[in-house]
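Only one structure is covered here, and it is reproduced in the block below.
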Amino acid sequence: MCPMQMNREDFPILGREVYGRPLVYLDNAATTQKPRCVVEAISEEYYNVNANVHRGVHFLSQQATELHEASRETVRSFINARSTSEIIFTRGTTESINLLAFSFGEAFCHEGDEIIVTEMEHHSNIVPWQMLCQRRGMKLRVVPMLDDYTLDLATYRSLLNERTRLVCVTHVSNVLGTVNPVREIIAEAHAHDIPVLVDGAQSAPHIAVDVQQLDCDFFAFSGHKIYGPTGVGVLYGRERLLDQLPPYQGGGEMIRNVSFERTTYNDLPYRFEAGTPDYVGTHALAVALDYVTALGMDHIHAYESQLASYAYEQLSQIENLVIYGGGNSSLSGGMAGSAISFNIRGIHHLDLGTLLDRLGIAVRTGHHCAEPLMRRLGIEGTVRASFALYNTRDEVDALVAGIQRVVRMF
């Protein structure tokens, strides 16, 4: 048995039934299931170490603070940041990008400036920049997608100019599974002294990430997509840039001194962490990162990409099934991404997803928070199957058999 499959027992929910059928969970791009150790870490801290962090001199507060700050070091090591000062805890990728859009905009953006995004972006990496552009009288410039589901890098290069303030790009498309050449994109931007934000929501769970090797200026990801709890995420920022940004929110912890005349702000990273953090969640996130680190991110990627390649091959044999993206092997080990989006001609994606659900197969349907990409593809939405380290070939076969059954019904 594959070592990854042996870890299914760590995820109790995978043993349950839905509508009297074994659960086949293929909605991992939306959120992953949680291993027992993560859930136990949450209950353990609430039962034994629960106290507000940083502010207390008593034992429990100091112990909770130590766990919280140890979690920051775990995150730093996981993405190979230079310093824990570069690790900001947020509620997820969405808040990380909103934080950056506000603070970066306040520090560096003016009327007539430009922000570059791509046609592949999740709404979370579009809407905050639109809001910034509306506030500042700026322009949002868009890198188009080519017909082979890759970005038009020639157009990207032509968009870079003296008014560009930031480039924002998804590392891995949550719809197509395309792994974008972010190192090349970053190098092109840096040649013009333009910083780059990488949305790592769909890469951090599947690919070993080294922010220093990527040379990105900002990187965001969510805990719940990498086997951790909901409501916890990370914004990595290059320290010299974070030092120039004003706070995103005001309140406790982000201050050094407060008077009615003037407030001075705390050092990094606390300047961006107003209020009581989810210190239980950050500890659980660290446990999740330790879990995947022990398995080995390279092993996880190799297994998942081979599984996705198998799914791609099997789905491609179904008559009238159209796959959007897939087959992008810019990384070794098979398919680069772990998500496959598809439709069946003559069957609405919502109908297909609903009927698969009755067979115990959980997939995602709709526009996947990527409506501009859907318009580029000329469709309303897709069915998306997305894979994690605990999925198996038998589950892929169940998906294929389920689709074939639905096709016969129509």
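No hydrogens, no waters, no symmetry mates; every other heavy atom, side chains included, goes into these values.
Between Tyr156 and Ile185 there is a side-chain heavy-atom pair separated by less than 4.5 Å. Side chains of His349 and Leu352 form no contact here, defined as non-hydrogen atoms less than 4.5 Å apart. Using a 4.5 Å heavy-atom cutoff, the side chains of Asp351 and Val406 are not in contact. Under the 4.5 Å side-chain criterion, counting only non-hydrogen atoms from C-beta, Leu160 is in contact with Glu188. The shortest side-chain heavy-atom distance between Leu315 and Phe342 falls under the 4.5 Å cut-off. Two residues are said to be in side-chain contact when any heavy atoms from C-beta on lie closer than 4.5 Å; His171 and Cys216 fail this criterion. The closest side-chain heavy-atom distance from Asp267 to Arg256 is below 4.5 Å. Counting heavy atoms from C-beta outward, Phe108 and Pro195 have side chains that stay 4.5 Å or more apart.
A side-chain donor from one of Thr94 and Ser124 sits under 3.5 Å from a side-chain acceptor of the other. In summary, the side chains of Tyr390 and Asn28 do present a donor paired with an acceptor at a separation below 3.5 Å, with no hydrogens or angles considered. For the 3.5 Å distance criterion, the side chains of His224 and Thr31 qualify, holding a donor opposite an acceptor. Neither side chain, Asn391 nor Tyr25, offers a donor N or O lying under 3.5 Å from an acceptor on the other. In summary, the side chains of Asp394 and Thr392 do not present any donor paired with an acceptor at a separation below 3.5 Å, with no hydrogens or angles considered. Using modelled atom types and a 3.5 Å distance limit, the side chains of Tyr324 and Asn343 yield a donor-acceptor pair. Using a 3.5 Å distance cut-off with no hydrogens or angles, the side chains of His122 and Thr170 do not pair a donor with an acceptor. Residues Thr118 and Glu121 bring a donor and an acceptor atom of their side chains to less than 3.5 Å of each other.
Considering every non-hydrogen atom in both Gly231 and Asp278, the closest pair reads O-OD2, 4.2 Å. Minimum heavy-atom separation, Ala204 to Phe78: O-CZ, 3.9 Å. The minimum heavy-atom distance between Leu166 and Phe104, with the atom names listed, is CB-CE2, 3.9 Å. In plain terms, the two heavy atoms of Met254 and Gln249 that are nearest each other are CE-O, 3.5 Å. The minimum heavy-atom distance between Val383 and Gly353, with the atom names listed, is CG2-N, 4.5 Å. Annotation for Leu23 and Ala362: closest pair CD1-CB, 4.5 Å, computed over non-hydrogen atoms.
The closest donor-acceptor contact from the side chain of Ser103 to the backbone of Pro246 lies under 3.5 Å. In this structure a side-chain-to-backbone donor-acceptor pair under 3.5 Å is present from Arg76 to Ala81. Remark: side-chain polar atoms of Asp210 are paired, donor with acceptor, to backbone N or O of Gln212 under 3.5 angstrom. Using a distance-only test at 3.5 Å, with no hydrogens or angles considered, no donor-acceptor pair links the side chain of Ser341 to the main chain of Thr382. Panel note: side chain Glu371, backbone His367; no donor-acceptor pair is recorded below 3.5 Å. Judged purely by atom type and a 3.5 angstrom limit, Ser386 has no side-chain atom pairing as donor or acceptor with the backbone of Ala339. Of the possible polar contacts, one joining the Lys225 side chain to the Ala29 backbone as a donor-acceptor pair under 3.5 Å is found. Of the possible polar contacts, one joining the Asn48 side chain to the Glu44 backbone as a donor-acceptor pair under 3.5 Å is found. A distance-only check finds a donor-acceptor pair linking the side chain of Lys34 to the backbone of Gly228 [under 3.5 Å]. Glu119 places a side-chain N or O within donor-acceptor distance of the main-chain N or O of Met145, the cut-off being under 3.5 Å.
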- Task: Using the side chain to side chain contact (heavy atoms under 4.5 Å, CB included) rule, take Val198 and Val211 through it: C-alpha gap first, then chi angles, then the decisive distance, then the call.
- Result: CA-CA 10 Å; Val198 176; Val211 294; over 6 Å; no
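Counted within 6.0 Å of CG on Asn50, heavy atoms from surrounding residues, nucleotides or ligands total more than 12; the atom is thus considered enclosed. For CD of Glu380, the number of neighbouring non-hydrogen atoms (other residues, nucleotides, ligands) closer than 6.0 Å is 12 at most. More than 12 non-hydrogen atoms from other residues, nucleotides or ligands lie less than 6.0 angstrom from CD of Glu17. For Arg55, the CZ atom sits in a packed shell: over 12 heavy atoms of surrounding residues, nucleotides or ligands are nearer than 6.0 Å.
With His54 as reference, Glu69 is the one residue of Glu273, His68, Glu69 to meet the side-chain hydrogen bond (donor to acceptor under 3.5 Å, both in side chains) rule. Screening Asp199, Leu241, Leu99 for a side chain to side chain contact (heavy atoms under 4.5 Å, CB included) involving Phe218 leaves a single residue, Leu241. Tested against Val363, the residues Leu26, Asp357, Ile340 include a single side chain to side chain contact (heavy atoms under 4.5 Å, CB included) partner, Leu26.
Taking the side chain to side chain contact (heavy atoms under 4.5 Å, CB included) definition, one finds that Pro12 meets it with Arg36, sequence neighbours left out. By the side chain to side chain contact (heavy atoms under 4.5 Å, CB included) test, Arg163 pairs with Asp113, Glu114, Asn161, Arg165, sequence neighbours left out.
Interatomic distance, Tyr265 OH to Ile255 CD1, rounded to the nearest 0.5 Å: 11.0 Å. One finds the NE2 atom of His123 at 12.5 Å from the CD1 atom of Ile97 (value rounded to the nearest 0.5 Å).
Between Arg238 and Asp215, at least one side-chain N (NZ, or NE/NH1/NH2) sits under 4.0 Å from a carboxylate O, which counts as a salt bridge. For Glu106 and Arg135, the salt-bridge test fails: no basic side-chain N is under 4.0 Å from an acidic carboxylate O.
Between Phe11 and Tyr291, the ring planes are perpendicular. Angles over 60° get that label, and only those under 30° would be called parallel.
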